[in-house]
Amino acid sequence: MVVVASLLVSLLGLVFTQMMQTMFSGLNSGNIAIQAQQYAASKAELIKLTKYDDLTAQPLKDVPDTQFQDEVELSTETITDDDVKQRTVTVSVYKKGDSLARVKLKIPRSSIEKEESSGVPIGTIIAWASTTMPKDGGTWLICNGQSTAAYPELRAIVGNNVPDYQGVFLRGYGSQISTHYGAVTHSSEALGVLQGDAIRNITGNHRRITWPSNNRYTEGAFRVENYGTSQAWTGGSESAVWLYFDASRVVPTANENRPVNKAVYWLIKAA
């Protein structure tokens, strides 16, 4: 009986030892996988921060002060119909001595990519007082009618070209009525359509009665200061006076209607 009991104790001890070895081996393997995943993720973040044209492949090499090796592979480059270059970067992390990677991460890259920005939506229009573009991490274009071919998300919003806002003021779409000088309806054109300049009509009239009183009468915008007969001639029993209206004699004039202004760039968020 003593011999049998001793054998059973020995067998149980052996089984327990094997179970513990298996458990610790599994824990160690799990820790290695976690560490490999963490390293691969940090490597991927560095690749995301690298400019597209600066991406390079890297042969398998030791990672200093670790038990790992890493490798970076680049897929064949493709070019879309919009001339956007694309490729996939693959990061592989090995435990030294292994032939199979513990972790493989694939990072799609593009020559036109969304970058971390201030959260301003694509298609937003801003007034900008500098020739240097905003440095918010995004891409801004001058609103001069240029192509949106390289910016598919912007193209989906505004079409094949950005709006051309050179030399014009922007106006809220729609209409409303003001009552400052009578009821006046203020209406925009259709969204994105260029509306020509205009003024509200100015009217007036001038009348002269030659007989029997020889008086002159004006209405509206005209005014008579005296009743002289300059630039007049007499023919038969009637006479005439030339009456001119020239706004440039009293206010600045130009070939357009405009308020006091300063020029800015209109920019649109492209990516």
Side-chain angles (χ1 to χ4, degrees), residues 6-124 132-141 150-157 269-271:
S6 297
L7 288 173
L8 287 174
V9 170
S10 298
L11 287 172
L12 287 173
L14 180 61
V15 170
F16 178 76
T17 300
Q18 290 176 338
M19 288 176 60
M20 292 298 293
Q21 288 176 342
T22 301
M23 182 178 70
F24 282 119
S25 176
L27 288 173
N28 187 49
S29 177
N31 287 334
I32 291 173
I34 292 172
Q35 292 172 11
Q37 184 70 40
Q38 291 173 338
Y39 175 76
S42 64
K43 185 85 172 183
E45 288 302 317
L46 290 175
I47 290 172
K48 291 176 183 178
L49 294 174
T50 303
K51 291 182 178 180
Y52 180 86
D53 292 332
D54 293 337
L55 293 172
T56 55
Q58 173 203 301
L60 185 67
K61 69 174 186 178
D62 291 346
V63 179
D65 302 321
T66 72
Q67 56 184 322
F68 299 115
Q69 296 176 306
D70 68 348
E71 180 182 42
V72 177
E73 299 173 288
L74 302 181
S75 69
T76 301
E77 184 176 73
T78 60
I79 301 178
T80 68
D81 293 338
D82 295 331
D83 294 326
V84 177
K85 296 181 288 186
Q86 297 176 333
R87 69 191 336 160
T88 298
V89 183
T90 302
V91 176
S92 301
V93 179
Y94 298 79
K95 184 178 182 296
K96 291 178 181 178
D98 287 354
S99 58
L100 296 177
R102 296 296 179 111
V103 178
K104 276 184 178 288
L105 291 182
K106 294 185 179 295
I107 305 108
R109 293 298 310 272
S110 168
S111 57
I112 301 295
E113 294 182 308
K114 292 185 293 183
E115 302 177 15
E116 293 299 322
S117 69
S118 60
V120 177
I122 290 174
T124 297
T132 302
M133 294 295 102
K135 298 184 182 298
D136 70 331
T139 300
W140 294 84
L141 301 177
Y151 306 93
E153 290 184 87
L154 180 61
R155 171 179 272 188
I157 297 171
K269 184 70 175 289

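Worth knowing before you read on, the calculation uses all heavy atoms, side chains too, and leaves out hydrogens, waters and symmetry mates.
- A distance-only check finds no donor-acceptor pair linking the side chain of Lys96 to the backbone of Val63 [under 3.5 Å].
- With hydrogens and angles ignored, the 3.5 Å screen pairs no side-chain donor or acceptor of Arg102 with any backbone N or O of Gln35.
- Taking OG1 of Thr80 as the start and NZ of Lys85 as the end, the distance is 11.5 Å to the nearest 0.5 Å.
- Heavy atoms only, all atoms of each residue included: Leu105 and Ala44 are closest at CD1-CB, 4.2 Å.
- Residue Asp65 qualifies as open at atom CG: its count of foreign heavy atoms under 6.0 Å is 12 or below.
- From Gln58, atom CD reaches atom CG of Leu74 across 10.5 Å, with rounding to the nearest 0.5 Å.
- Considering all non-hydrogen atoms of both residues, Arg109 and Thr50 come closest at NH2-O, 2.7 Å.
- Taking the side chain as every heavy atom from C-beta outward, Ile122 and Tyr151 never approach each other to under 4.5 Å.
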Just do the side-chain contact (heavy atoms from CB on, under 4.5 Å) check on Trp140 and Val120 with the steps written out, would you? CA-CA 11 Å; Trp140 294 84; Val120 177; 4.0 Å; yes
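- Rounded to the nearest 0.5 angstrom, Gln69 CD and Lys61 NZ are separated by 11.5 Å.
- Atom CD of Gln67 sits about 13.0 Å away from atom OH of Tyr39, to the nearest 0.5 Å.
- Thr88 contributes atom OG1, which lies 9.0 Å from atom CD1 of Ile107 (distance to the nearest 0.5 angstrom).
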Apply side-chain contact (heavy atoms from CB on, under 4.5 Å) to the pair Asp136 and Lys269, showing each step before the final yes or no. CA-CA 11 Å; Asp136 70 331; Lys269 184 70 175 289; 3.8 Å; yes
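- Here Ile47 contributes atom CD1 and Tyr52 contributes atom OH; the two are 13.5 Å apart, rounded to the nearest 0.5 Å.
- When all heavy atoms of Ala40 and Val103 are compared, the closest pair comes out as CB-CG1, 3.7 Å.
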